[in-house]
**Q** 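Before we start, here is the structure in question, set down as structure tokens.
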Amino acid sequence: MPLNWWTRQRHYFLYMLREFTALPMALWLIWLLYEISGLRSGAHGYTPPRSGLFVAFSVVVLLFSLYHSYTFLKLAGVIMRIKVLDRQIPSRVIVFTMFGAWAVASAVIAFVLIWFAR
Amino acid sequence: MNAEHRPRTAIDHLFFWFMFANGGVITALLMPVHVLVQGILGPLGVVPVVDQHYDTYANVIGNPLVKLYLLVLIGFAFFHFAHRLRYLLADFGVPAAKSLPAQVIFYGGAVVVILVTIWILLTTIPISFG
Amino acid sequence: MDFESYDVLVVGGGLAGIRAAIAAVEANPNVRVGMVSKVYPMRSHTVSAEGGAAAALGPGDSFETHAFDTIKGSDYLADQDVVEAFVREAPVEIIQMEHWGCPWSRNPDGTIAVRPFGGMSTWRTCFAADKTGFHMLHAVFQTSLKYPQIIRHDEAFVTKLLIEDSRCVGVVALDIKTGRFDAITAKSVILATGGVGRVYAFTTNGNICTGDGMALAYRAGAGLKDMEMVQFHPTGLPFTGILITEAVRGEGGYLLNKDGERFLKRYVPNKMELGPRDIISRAMVTEFEEGRGFEGPHGKYMHLDVRHLGEKVIDRKLPFMRELGREYVGIDIVKEPIPVRPVQHYEMGGVDANISGETEILGLYAAGECANVGLNGGNRLGSNSLPECLVFGAAAGRAAAHYAATAKPATANPVDAMLWDEARRVESDYLEKKGGNERIGPIREEMQHEMDAGAGVFRNKEGLSRLARNLGGLRERFEKVKVDDTSRTFNTEIIAALELDFMLEVASVIVFSGLAREESRGAHARRDFPERDDEHFLKHTVAYHTNTLAPRLEYRDVHITEYQPQARSY
Amino acid sequence: MADKTITVRAARFDPEHDKEPRLQSYEVPFYDESMVVLDALNHIKNHIDGSLSYRWSCRMGICGSCGMMVNGTPKLTCNAFLRDYWPRPVVVQPLNNFPLIRDLVIDMDDFMHKLKSIKPWIIRKQELPLGAGEHRQTNEQIDDFRQFSECINCMLCYAACPIYGLNEEFLGPAATALARRYNLDSRDEGLKDRLPVVAEAEGIWECSFVGECSVVCPKGVDPAKAIQQTKLDTTMRFVLPYGNRE
Ligand SMILES: Cc1cc2nc3c(=O)[nH]c(=O)nc-3n(C[C@H](O)[C@H](O)[C@H](O)COP(=O)(O)OP(=O)(O)OC[C@H]3O[C@@H](n4cnc5c(N)ncnc54)[C@H](O)[C@@H]3O)c2cc1C
Ligand code: SF4
Ligand code: F3S
Ligand code: FES
């Protein structure tokens, strides 16, 4: 198996990209932890995130993270087998529900993050 | 596959996969909105966001539910990341990534991050129900 | 030299072969069974059977009607005692397959469903959608994996039967992967090598259907019975010869000529599309000759129309047909009629065997399409072959195991010498041959086209005799064959040469047996003798090997119990 | 249709003479729209070079023997139409990830062992006697496993799976799909016997859901789904001890 196997085919490359999303997301969460711990230095020591560099980094992470969400939720629909009244729920419905849950969760989190900022 | 070989469910892998899958769902559902709001909209000033001010942020982080939420998010996420990155290494042709030491390093790393998270959450803003 | 040695050796890993192997083990758990197959068992041609397997299971069905339909279908050339035993065993075997995991399609109450089939007077064909053979073969093969007593030799090609004191004591097999010749000895040997469709150009049969077992047994001195009875299936796809199953008509499809007319009303008015295959194929050829067929790049054809069945029925019961239509013809059968024409499909004849699969050679058994136990006579009814493989595969397996329990093992010395001889023969004929300028491909293609032309749906003396002469010419050319490939590793060209050798042998038996049967019966339709002649030919043809191309022919009475021959009309 | 031809470049390798596989070019007449890659190979073998070795039999996409890499993708050659490649050349190579025997022929013994290891037969605590007739099973119950029972063992999925390429101990797509086929069969009670095999370290857990196995599968088996569902079910059995039994 040549080690560059994943460059030879689009599907393989997309798979590697999907797996790679873990790294940027991890970095971003580490940043989040770091930011939270920054609260310990009190009101004066805390610097809210404003830098353009950070925004650029977040944009990149957002792209990866959206790709992760898209692939993971879609694939989750494939693997779940839910039966209601002995009838198999088609995976299309499951995927749809997953994306619905995603929208709701995102709305709730966004609400909390914004509402409590007043 | 020799005759004496007795197959056995690999409980360790089962556990890792369980954590990975949960982490995957949790990050899929929650990550984008955090990055969008806290990482882009907030810093650009498009909307007010809690972490743009010490007071509002401290207020929110003091909430025990928020602490619990963050622990769950970060805890599962890092198991997810550890798992993916370990497999990614294997995909790059490093068979050692499948070995026991690699498991200790990667999932151990996730555990370390979780411990650090707990420590930070417990030491940062005292729990309050305001 | 030492060699593998078994109690029972099965040659062939198709439905008949595997069923025989399991039956041998179940009859006597101490029996060690070897199974040689030139392809991995799940590649065997049983895999492509589509329509179904008949058994009198249903509430409205009876053994008598199944027997009568089979006998009438055979044009009274079937041995009636054999048919009676067969119809009784078939339901048991179908249930056995069910217990082994075959996903039979079901009735709403969970029992095994049946569908109508050509020549059957009632619904009695069990099916697994339209991949019946595939599901049966995989189920039985996977089940066979649980028996440690069955030891497989995959991709080993049997070139010769070992005969010691006129008893069969094993085979010589060429291990395709390594090119090594092995003697595999056994106390009894079961041939289950399938059909011989590849002697024709236009056939539903796969590449491996080259009649090896028939030729092996014939050369070893066994008789080949009723070889002139070659079945042409009415509905093959032009060009590829891929089969459109009879189940398409069973489910209600129409056969239409170019005037959009259901022309079968002129031939089998009471049965229409569900008439027997021989008659429908002849009807189609007659229509072609009278100018009522469609003209295509690959000859004349008819339309098989299922549009009125609707997408739902098609997808539930004929999904594979839709797939085949889409891929190999570029049509959606839900929206367009399927082009079809008669195609060689099945060899009713085979190694002469009795109801337990015993051949004339002690220790040698035969089952499945390569055998003729007397079930199919002049025309096999659709969906009788798969249960035949089960019923007579199992019977042969049991009989062989029983015989092996008391038989002496082969003696080493002559086996060694025979192995050596055979290896030398193949090597000097092909691998190390000097000179020679003929290629295998063109000889095979010529044989196939000759057979299509001379021994097709309709035959006559002139065509058959010319064919016999031409086969002689091809045999002479074959002696001068040159192989490009001298490697020992996976040499498929040597295999092709050995297969062509077998096919030329079997083809001439088909032709000479056909020449001698001066009547029309079942699939054997002579233009020069259009009537059935019970006085002279209510008999089996049995052909024996001679030193010339022409076999020595003998005739044997048909066993008749209750059903006296009548005119055959539907 | 004038005298069209198509260039076929076939991999050649004879272990007795060659160190490395090489490609050999052949010019093949292309005279019918329904011609497939296998027809081209047969033309070469019959008329140009009899030493080209490959497996085939049914030429109708059901025996599973003619799998090869066609322009880098695993395909059944009897089901890969020349019209989809012409006028560009077709490159035919042996399936990836398997030991090579000769030309276009790979060694699949490994799969035969794996197939056997998952116990692909109906296992019952108490055999139903033949006289009792069939097990009752509805078409809906068959639908539960139908898809996974359609596997023709063609090995395309193994050729497509990079994880199998990296680690041949991996049980792989088709074998897992077949294990699931039996586990989901209402007649079967062998889950406990099969689970340890599929849930071994080299079993389902190796798979990282590349998903290419399902993309190339010519019979719509979706082995990737089978594997992920097995992971989920296996995990659930442990997490919810009395819950979700398959
Ligand atoms: C397209 C098609 C559709 C059909 N549909 C139906 C149907 O719906 N219903 C029905 O009842 N019948 C049907 N038939 C007929 C039926 O499928 C066959 O007659 C039956 O499957 C033959 O099974 P078998 O076990 O005798 O031979 P096969 O399945 O052909 O097996 C032959 C075995 O012998 C082995 N072999 C051959 N030669 C050698 C050798 N020299 N050395 C070693 N091994 C060798 C092969 O490897 C193979 O394993 C159909 C046939 C075709 C072609
Ligand atoms: S799962 Fe599909 S690709 Fe894999 S062996 Fe089975 S049929 Fe072939
Ligand atoms: S391609 Fe391989 S990694 Fe899994 S999903 Fe399919 S088996
Ligand atoms: S030849 Fe049988 S699947 Fe292609």
Side-chain angles (χ1 to χ4, degrees), chain A residues 1-3 5-6 15-16 18-23 25-26 28-40 42-46 48-52 54-55 57-59 61-62 65-66 68-73 76 98 101-102 105-110 112-118, chain B residues 21 23-45 47-63 66 69-70 73-74 77-78 80-85 87-88 91-94 110 113 116-117 119-121 123-125:
Chain A
M1 193 82 179
L3 294 184
W5 59 268
W6 49 279
Y15 156 78
M16 284 303 247
R18 186 187 89 197
E19 299 296 288
F20 180 76
T21 55
L23 195 64
M25 290 198 295
W28 200 89
L29 280 185
I30 286 175
W31 168 82
L32 182 69
L33 268 181
Y34 170 79
E35 189 209 32
I36 293 171
S37 72
L39 287 173
R40 273 182 302 171
H44 304 295
Y46 178 72
R50 297 243 166 89
S51 83
F54 173 65
V55 173
F57 167 62
S58 292
V59 168
V61 175
L62 179 64
S65 143
L66 283 172
H68 166 71
S69 301
Y70 171 71
T71 52
F72 208 90
L73 297 180
M98 292 299 264
W102 180 46
S106 299
V108 169
I109 302 293
V112 171
L113 289 173
I114 295 169
W115 181 261
F116 289 99
R118 290 173 315 145
Chain B
V25 177
I26 288 170
T27 46
L29 292 178
L30 304 173
M31 275 295 284
V33 65
H34 277 284
V35 181
L36 178 68
V37 175
Q38 289 179 274
I40 301 170
L41 301 182
L44 290 180
V47 286
V49 175
V50 278
D51 63 353
Q52 290 296 322
H53 293 285
Y54 177 81
D55 301 346
T56 49
Y57 206 23
N59 185 25
V60 168
I61 293 291
N63 188 311
V66 172
Y69 164 79
L70 285 171
L73 170 65
I74 296 175
F78 272 87
H80 177 80
F81 301 151
H83 191 76
R84 275 226 158 138
L85 294 174
Y87 274 72
L88 193 63
D91 292 343
F92 279 120
V94 185
V113 173
V116 170
T117 308
W119 178 73
I120 289 178
L121 290 175
T123 58
T124 306
I125 304 284

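Chain letters run A, B, ... following the sequence lines, proteins first and then strands; every chain starts at 1.
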**Q** Determine the minimum heavy-atom distance between B:Val50 and B:Thr56, stating which atoms define it.
**A** O-OG1, 2.6 Å
**Q** Using the ring centroid of each side chain, check whether A:Trp31 and A:Phe54 are separated by less than 6.0 Å.
**A** yes
**Q** Taking B:Ala21, B:Gly24, B:Gly23 one by one, which has the highest count of heavy-atom pairs under 4.5 Å against chain A?
**A**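 Among the listed options, the one with the most contacts to chain A is B:Gly24.
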**Q** Please round to the nearest 0.5 Å and tell me the distance separating atom CD of A:Glu35 and atom CG of A:Leu29.
**A** 11.5 Å
**Q** For chain A, which of B:Leu121, B:Val25, B:Val60 has the most heavy-atom pairs under 4.5 Å?
**A** B:Val25
**Q** Is the positively charged end of A:Arg40 above the ring of B:Trp119, judged by distance under 6.0 angstrom from the centroid and angle within 45° of the axis?
**A**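 Relative to the ring axis of B:Trp119, which defines the angle, A:Arg40 lies inside both limits.
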**Q** What part of A:Thr21 lies closer than 4.5 angstrom to a heavy atom of chain B: side chain, backbone, both or neither?
**A** side chain
**Q** Locate the shortest heavy-atom distance separating B:Phe78 from A:Ala26; write the atom from each residue and the value.
**A**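 So the two residues come closest at CZ-O, 3.7 Å.
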**Q** With chain B, which of A:Ala107, A:Ser37, A:Pro2, A:Gly42 has the greatest number of heavy-atom pairs at distances under 4.5 Å?
**A** A:Gly42
**Q** If I compare all heavy atoms of A:Tyr46 with all of B:Asp51, which pair ends up nearest, and what's the gap?
**A** OH-O, 2.7 Å
**Q** Between B:Leu70, B:Val66, B:Thr123, which residue shows the highest count of heavy-atom pairs closer than 4.5 Å to chain A?
**A**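 Option with the top pair count is B:Thr123.
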**Q** If you count heavy-atom pairs under 4.5 Å with chain B, which of A:Leu62, A:Val59, A:Leu23 comes out on top?
**A**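 Heavy-atom pairs under 4.5 Å are most numerous for A:Leu62.
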**Q** For A:Val108, is it the side chain, the backbone, both, or neither that has a heavy atom closer than 4.5 Å to a heavy atom of chain B?
**A** neither
**Q** Which region of B:Leu41, side chain (C-beta onward) or backbone (N, CA, C, O), has a non-hydrogen atom less than 4.5 Å from a non-hydrogen atom of chain A, or is it both or neither?
**A** neither
**Q** Pick one of side chain, backbone, both or neither for B:Ile125, based on which atoms fall under 4.5 Å of a heavy atom in chain A.
**A**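 The side chain, not the backbone.
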**Q** Just give me the residue among B:Thr27, B:Leu30, B:Val47 that pairs up with chain A most often, heavy atom to heavy atom, under 4.5 Å.
**A** B:Thr27
**Q** Is A:Phe116 in contact with chain B via its backbone, its side chain, both, or neither, using a 4.5 Å heavy-atom distance?
**A**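 For A:Phe116, heavy atoms of backbone and side chain both lie under 4.5 Å from chain B.
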**Q** Would you compute the distance between atom CD1 of B:Ile61 and atom OG1 of B:Thr124 and round it to the nearest 0.5 angstrom?
**A**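 Interatomic distance, B:Ile61 CD1 to B:Thr124 OG1, rounded to 0.5 Å: 7.5 Å.
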**Q** Less than 4.5 Å apart, any side-chain heavy atom of B:Gln52 and any of A:Pro49?
**A** yes
**Q** Do you know which of B:Ile120, B:Val37, B:Asp91 has the most heavy-atom pairs with chain A at a distance under 4.5 angstrom?
**A**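 If we count pairs closer than 4.5 Å to chain A, B:Asp91 comes out on top.
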**Q** Checking B:Tyr54 against A:His44 for the side-chain contact (heavy atoms from CB on, under 4.5 Å) test, could you report, in this order, the C-alpha distance in whole Å, the side-chain angles of both residues, the deciding distance, and whether it holds?
**A** CA-CA 8 Å; B:Tyr54 177 81; A:His44 304 295; over 6 Å; no
**Q** Can you tell which part of B:His83 gets under 4.5 Å to a heavy atom of chain A, answering side chain, backbone, both or neither?
**A**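 Neither; nothing under 4.5 Å.
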**Q** Look at A:Tyr15, A:Trp5, A:Trp28 and state which one has the largest set of heavy-atom pairs under 4.5 Å with chain B.
**A**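 Option with the top pair count is A:Trp28.
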